[in-house]
Amino acid sequence: VVASTATNQPPGVNAGVDQTAIEATSSAGATISLDGSQSSDPDGSIVAYEWSEGSNVLGQGAQVSFISALGHHTYILTVTDDAGATATDTVDVTVVDTTPPALTQLSDVSVTATSVAGAVVSFNASSSDIVEGPIAPSCLPASGSAFPIGTTTVTCTATDSRGNSSQDSFTVTVQSSGDCTSVAGMVSWWPGNDNANDVEGNNEGVLNGATFADGFRGLEGLAVAEGY
(Lines give C-alpha, C1' and ligand atoms only; values in the text may rest on other atoms or scores of the structure.)
Protein backbone atom coordinates (compact mmCIF):
# COMPACT_ATOMS: atom_id res chain seq x y z
CA VAL A 1 0.00 0.00 0.00
CA VAL A 2 1.41 3.35 -1.01
CA ALA A 3 0.25 6.30 1.12
CA SER A 4 -0.28 9.58 -0.73
CA THR A 5 -0.02 12.94 0.97
CA ALA A 6 -1.97 15.83 -0.60
CA THR A 7 -0.18 19.17 -0.62
CA ASN A 8 -2.18 21.98 1.00
CA GLN A 9 -2.93 24.77 -1.42
CA PRO A 10 -2.65 28.35 -0.14
CA PRO A 11 -5.80 30.42 0.21
CA GLY A 12 -6.86 32.89 -2.44
CA VAL A 13 -6.96 36.35 -0.89
CA ASN A 14 -8.91 39.37 -2.13
CA ALA A 15 -8.64 42.68 -0.25
CA GLY A 16 -11.28 44.40 -2.39
CA VAL A 17 -11.18 47.26 -4.87
CA ASP A 18 -9.10 50.41 -4.41
CA GLN A 19 -10.86 53.46 -2.99
CA THR A 20 -9.33 56.52 -4.60
CA ALA A 21 -11.39 59.48 -3.34
CA ILE A 22 -12.94 59.11 0.10
CA GLU A 23 -14.05 62.55 1.33
CA ALA A 24 -12.81 63.54 4.77
CA THR A 25 -15.53 64.22 7.32
CA SER A 26 -13.39 65.67 10.12
CA SER A 27 -9.83 66.64 10.97
CA ALA A 28 -9.21 62.94 11.75
CA GLY A 29 -10.02 61.92 8.17
CA ALA A 30 -12.86 59.58 7.18
CA THR A 31 -14.36 56.28 8.27
CA ILE A 32 -13.60 53.63 5.66
CA SER A 33 -14.78 50.04 5.27
CA LEU A 34 -12.62 47.22 3.91
CA ASP A 35 -14.02 43.90 2.68
CA GLY A 36 -12.02 40.71 2.22
CA SER A 37 -15.03 38.40 2.09
CA GLN A 38 -14.27 37.43 -1.51
CA SER A 39 -11.20 35.56 -0.29
CA SER A 40 -11.47 31.73 -0.40
CA ASP A 41 -9.51 28.53 0.12
CA PRO A 42 -9.47 25.88 -2.62
CA ASP A 43 -9.02 22.86 -0.35
CA GLY A 44 -10.23 23.96 3.04
CA SER A 45 -11.40 27.10 4.79
CA ILE A 46 -10.07 30.47 5.88
CA VAL A 47 -9.86 30.70 9.65
CA ALA A 48 -8.29 34.15 10.16
CA TYR A 49 -8.27 37.61 8.54
CA GLU A 50 -5.88 40.35 9.62
CA TRP A 51 -5.77 43.92 8.27
CA SER A 52 -2.66 46.04 8.73
CA GLU A 53 -0.78 49.09 7.50
CA GLY A 54 2.93 48.50 7.75
CA SER A 55 3.49 46.87 11.13
CA ASN A 56 0.33 48.38 12.62
CA VAL A 57 -2.52 45.88 12.93
CA LEU A 58 -5.85 47.62 12.27
CA GLY A 59 -8.40 44.87 12.75
CA GLN A 60 -9.46 41.23 12.48
CA GLY A 61 -12.25 39.73 10.41
CA ALA A 62 -13.31 39.59 6.80
CA GLN A 63 -14.85 43.07 7.03
CA VAL A 64 -13.51 45.98 9.10
CA SER A 65 -14.21 49.70 9.49
CA PHE A 66 -11.93 52.33 11.00
CA ILE A 67 -10.92 55.97 10.67
CA SER A 68 -8.33 56.60 7.97
CA ALA A 69 -6.31 59.82 8.05
CA LEU A 70 -6.07 62.22 5.10
CA GLY A 71 -3.74 61.05 2.38
CA HIS A 72 -2.83 57.82 0.57
CA HIS A 73 -2.71 54.47 2.38
CA THR A 74 -1.89 50.90 1.37
CA TYR A 75 -3.68 48.39 3.60
CA ILE A 76 -2.64 44.73 3.74
CA LEU A 77 -5.00 41.79 4.21
CA THR A 78 -3.43 38.55 5.43
CA VAL A 79 -5.59 35.42 5.47
CA THR A 80 -4.79 32.05 7.07
CA ASP A 81 -6.38 28.75 6.11
CA ASP A 82 -7.16 25.76 8.30
CA ALA A 83 -3.82 24.17 7.44
CA GLY A 84 -1.84 27.24 8.52
CA ALA A 85 -1.03 28.55 5.05
CA THR A 86 -1.19 32.30 4.55
CA ALA A 87 -1.58 34.72 1.66
CA THR A 88 -1.68 38.50 1.39
CA ASP A 89 -3.26 41.15 -0.82
CA THR A 90 -3.28 44.95 -0.68
CA VAL A 91 -5.86 47.67 -1.25
CA ASP A 92 -5.10 51.36 -1.80
CA VAL A 93 -7.24 54.01 -0.10
CA THR A 94 -6.94 57.78 -0.55
CA VAL A 95 -8.75 60.17 1.79
CA VAL A 96 -9.17 63.65 0.30
CA ASP A 97 -10.48 67.05 1.34
CA THR A 98 -12.34 68.85 -1.43
CA THR A 99 -15.09 70.39 0.70
CA PRO A 100 -14.91 74.21 0.90
CA PRO A 101 -15.46 76.10 4.16
CA ALA A 102 -19.07 76.96 4.96
CA LEU A 103 -19.73 80.70 5.32
CA THR A 104 -22.28 81.79 7.88
CA GLN A 105 -25.38 83.31 6.35
CA LEU A 106 -24.63 86.97 5.74
CA SER A 107 -27.55 89.37 6.22
CA ASP A 108 -27.92 92.69 4.46
CA VAL A 109 -27.02 95.73 6.57
CA SER A 110 -28.78 99.10 6.61
CA VAL A 111 -27.45 102.12 8.49
CA THR A 112 -27.96 105.89 8.55
CA ALA A 113 -25.25 108.19 7.25
CA THR A 114 -23.18 109.96 9.86
CA SER A 115 -21.71 112.49 7.42
CA VAL A 116 -21.92 113.51 3.79
CA ALA A 117 -19.28 110.83 3.12
CA GLY A 118 -21.58 108.07 4.36
CA ALA A 119 -20.82 105.91 7.40
CA VAL A 120 -18.25 103.51 8.79
CA VAL A 121 -19.85 100.07 8.94
CA SER A 122 -18.64 97.02 10.87
CA PHE A 123 -20.00 93.51 10.44
CA ASN A 124 -19.16 89.97 11.51
CA ALA A 125 -18.35 87.35 8.89
CA SER A 126 -17.19 83.85 9.80
CA SER A 127 -16.81 80.40 8.29
CA SER A 128 -16.08 76.87 9.39
CA ASP A 129 -14.27 74.03 7.63
CA ILE A 130 -15.05 70.37 8.40
CA VAL A 131 -11.34 69.54 8.47
CA GLU A 132 -9.66 72.73 9.69
CA GLY A 133 -12.36 74.29 11.85
CA PRO A 134 -12.95 78.08 12.00
CA ILE A 135 -11.49 80.08 9.10
CA ALA A 136 -11.58 83.87 8.94
CA PRO A 137 -13.05 84.97 5.60
CA SER A 138 -11.72 87.88 3.57
CA CYS A 139 -14.35 90.52 2.74
CA LEU A 140 -14.23 93.36 0.22
CA PRO A 141 -14.91 96.05 1.29
CA ALA A 142 -13.67 94.98 4.71
CA SER A 143 -15.51 95.41 7.98
CA GLY A 144 -14.80 98.87 9.41
CA SER A 145 -14.59 100.49 5.98
CA ALA A 146 -16.27 103.79 5.12
CA PHE A 147 -19.32 103.11 2.94
CA PRO A 148 -20.79 105.88 0.77
CA ILE A 149 -24.46 106.80 0.74
CA GLY A 150 -26.32 104.23 -1.33
CA THR A 151 -26.00 100.45 -1.62
CA THR A 152 -22.67 98.63 -1.79
CA THR A 153 -22.20 94.89 -2.35
CA VAL A 154 -19.77 93.18 0.02
CA THR A 155 -18.23 89.89 -1.14
CA CYS A 156 -16.68 87.50 1.40
CA THR A 157 -14.42 84.58 0.49
CA ALA A 158 -13.25 81.75 2.76
CA THR A 159 -10.37 79.50 1.63
CA ASP A 160 -8.82 76.55 3.47
CA SER A 161 -5.18 75.45 3.32
CA ARG A 162 -5.92 73.03 0.46
CA GLY A 163 -7.34 75.79 -1.71
CA ASN A 164 -11.01 74.86 -1.29
CA SER A 165 -12.95 78.11 -1.47
CA SER A 166 -16.48 79.39 -0.98
CA GLN A 167 -17.94 82.85 -1.56
CA ASP A 168 -21.03 84.76 -0.52
CA SER A 169 -22.18 88.36 -0.67
CA PHE A 170 -24.54 90.79 1.00
CA THR A 171 -25.34 94.49 0.71
CA VAL A 172 -24.62 97.46 2.92
CA THR A 173 -27.09 100.32 2.44
CA VAL A 174 -26.23 103.74 3.86
CA GLN A 175 -29.32 105.92 3.97
CA SER A 176 -29.35 109.70 3.94
CA SER A 177 -30.12 111.12 7.36
CA GLY A 178 -31.85 114.24 5.98
CA ASP A 179 -29.90 116.33 8.51
CA CYS A 180 -27.05 118.76 8.18
CA THR A 181 -25.28 121.43 10.18
CA SER A 182 -24.41 125.02 9.37
CA VAL A 183 -21.11 125.96 7.82
CA ALA A 184 -18.74 128.46 9.41
CA GLY A 185 -19.49 131.95 8.05
CA MET A 186 -23.07 131.12 7.09
CA VAL A 187 -25.61 133.69 8.28
CA SER A 188 -28.54 131.32 7.85
CA TRP A 189 -29.16 127.85 6.43
CA TRP A 190 -31.94 125.36 5.84
CA PRO A 191 -32.23 121.75 4.70
CA GLY A 192 -32.31 121.72 0.92
CA ASN A 193 -35.34 119.98 -0.55
CA ASP A 194 -34.17 120.09 -4.16
CA ASN A 195 -37.33 121.92 -5.15
CA ALA A 196 -38.27 125.41 -6.35
CA ASN A 197 -38.18 126.85 -2.81
CA ASP A 198 -34.43 126.27 -2.70
CA VAL A 199 -33.63 128.27 -5.79
CA GLU A 200 -36.35 130.91 -5.67
CA GLY A 201 -35.31 132.18 -2.25
CA ASN A 202 -38.58 131.41 -0.47
CA ASN A 203 -36.54 130.08 2.46
CA GLU A 204 -34.90 133.51 2.83
CA GLY A 205 -31.38 132.16 3.24
CA VAL A 206 -28.58 134.72 3.12
CA LEU A 207 -25.09 134.17 1.75
CA ASN A 208 -22.56 136.38 3.47
CA GLY A 209 -19.13 135.42 2.23
CA ALA A 210 -19.53 131.83 3.50
CA THR A 211 -17.23 129.12 2.20
CA PHE A 212 -19.35 126.02 1.69
CA ALA A 213 -18.03 122.56 2.44
CA ASP A 214 -18.90 119.45 0.44
CA GLY A 215 -22.63 118.90 0.47
CA PHE A 216 -23.59 122.60 0.39
CA ARG A 217 -24.10 124.95 -2.49
CA GLY A 218 -24.96 128.58 -3.05
CA LEU A 219 -27.48 129.47 -5.74
CA GLU A 220 -28.16 133.03 -6.94
CA GLY A 221 -26.72 134.49 -3.75
CA LEU A 222 -28.62 132.10 -1.50
CA ALA A 223 -27.12 129.50 0.84
CA VAL A 224 -28.64 126.09 0.24
CA ALA A 225 -27.64 123.43 2.73
CA GLU A 226 -28.25 120.01 1.24
CA GLY A 227 -29.13 117.23 3.67
CA TYR A 228 -27.03 114.05 3.59
Side-chain angles (χ1 to χ4, degrees), residues 1-107 124-140 155-170:
V1 177
V2 178
S4 62
T5 303
T7 301
N8 179 57
Q9 298 183 53
V13 58
N14 186 337
V17 298
D18 294 339
Q19 303 178 47
T20 58
I22 305 299
E23 190 69 27
T25 56
S26 72
S27 59
T31 299
I32 65 167
S33 296
L34 302 179
D35 188 351
S37 62
Q38 296 303 308
S39 301
S40 61
D41 187 70
D43 57 359
S45 61
I46 296 176
V47 296
Y49 298 80
E50 181 180 272
W51 297 90
S52 61
E53 183 179 23
S55 60
N56 183 29
V57 176
L58 303 172
Q60 310 284 340
Q63 298 172 319
V64 295
S65 295
F66 53 88
I67 295 176
S68 181
L70 279 160
H72 176 264
H73 306 269
T74 298
Y75 296 115
I76 304 168
L77 171 61
T78 302
V79 298
T80 305
D81 69 11
D82 54 356
T86 62
T88 62
D89 189 24
T90 61
V91 59
D92 289 331
V93 175
T94 304
V95 179
V96 299
D97 173 21
T98 63
T99 304
L103 281 159
T104 56
Q105 183 174 359
L106 302 173
S107 300
N124 293 318
S126 62
S127 69
S128 181
D129 187 77
I130 59 173
V131 172
E132 300 179 16
I135 292 178
S138 173
C139 298
L140 291 175
T155 300
C156 296
T157 304
T159 305
D160 66 20
S161 64
R162 291 173 177 83
N164 302 310
S165 181
S166 60
Q167 192 174 83
D168 198 4
S169 62
F170 63 99

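Values below: all heavy atoms of this structure, side chains included; hydrogens, waters and symmetry mates excluded.
Side chains of Pro100 and Ser165 form no contact here, defined as non-hydrogen atoms less than 4.5 Å apart. Within the 4.5 Å cutoff, the side chain of Val91 has no heavy atoms near those of the Leu77 side chain. For the pair Asp168/Cys156, no side-chain contact is recorded, criterion being any heavy-atom separation below 4.5 Å from C-beta on. Here the side chains of Arg162 and Val131 are in contact, with some heavy-atom distance below 4.5 Å. Considering only heavy atoms from C-beta on, Leu140 stays 4.5 Å or farther from Thr155 through its side chain. Residues Gln63 and Leu34 are not in side-chain contact: their nearest non-hydrogen atoms beyond the backbone lie 4.5 Å or more apart. Taking 4.5 Å as the limit, every side-chain heavy atom of Val64 sits out of range of all side-chain heavy atoms of Leu58. With a 4.5 Å cut-off on side-chain heavy atoms, Thr99 and Asn164 do not count as touching.
Heavy-atom minimum distance, Pro11 versus Ile46: CB-CG1, 4.2 Å. Nearest heavy atoms, Asp82 versus Asp41: OD1-OD2, 4.3 Å. Smallest separation of non-hydrogen atoms from Pro101 and Asp160: CG-N, 3.9 Å. When all heavy atoms are compared, the tightest approach of Asn14 to Ser39 is N-OG, 2.8 Å.
Heavy-atom contacts from other residues, nucleotides or ligands closer than 6.0 Å to CD of Gln60 number more than 12. A 6.0 Å sphere centred on CD of Glu132 holds more than 12 heavy atoms belonging to other residues, nucleotides or ligands. Residue-environment remark: CG (Asn56) exceeds the threshold of 12 foreign heavy atoms within 6.0 Å.
Counting only N and O atoms by type, the side chains of Thr74 and Asp92 include a donor and acceptor under 3.5 Å apart. A donor and an acceptor atom, one from each side chain of Thr20 and Thr94, are nowhere located under 3.5 Å apart.
A donor-acceptor pair is defined here as one N or O able to donate and one able to accept, closer than 3.5 Å; no such pair exists between the side chain of Asp35 and the backbone of Gly16. With hydrogens and angles disregarded, no donor-acceptor distance shorter than 3.5 Å links the side chain of Ser166 to the backbone of Ala102. Thr86 contributes no side-chain N or O that, together with a main-chain N or O of Val79, makes up a donor-acceptor pair within less than 3.5 Å. Of the possible donor and acceptor atoms, one in the side chain of Gln19 sits under 3.5 Å from a partner among the backbone N and O of Ser33. The main-chain N or O of Ala24 is never found under 3.5 Å from a side-chain atom of Asp97 such that the two would form a donor-acceptor pair.
Counting only residues at least two apart or in different chains, ring-ring contact (aromatic ring centres under 6.0 Å, His included) contacts with residues 33-66 comprise Phe66-Tyr75.
To the nearest 0.5 Å, atoms OG (Ser161) and CD1 (Ile135) are separated by 7.0 Å. Between atom CD of residue Glu50 and atom OG1 of residue Thr88 there is a gap of 11.5 Å, rounded to the nearest 0.5 Å. Note: Ile76 CD1 to Thr90 OG1 = 7.5 Å, rounded to the nearest 0.5 Å. The distance from the OG atom of Ser45 to the CG atom of Asp81 is 7.5 Å, given to the nearest 0.5 Å. Remark: Thr157 OG1 to Leu103 CG distance equals 7.5 Å, nearest 0.5 Å.
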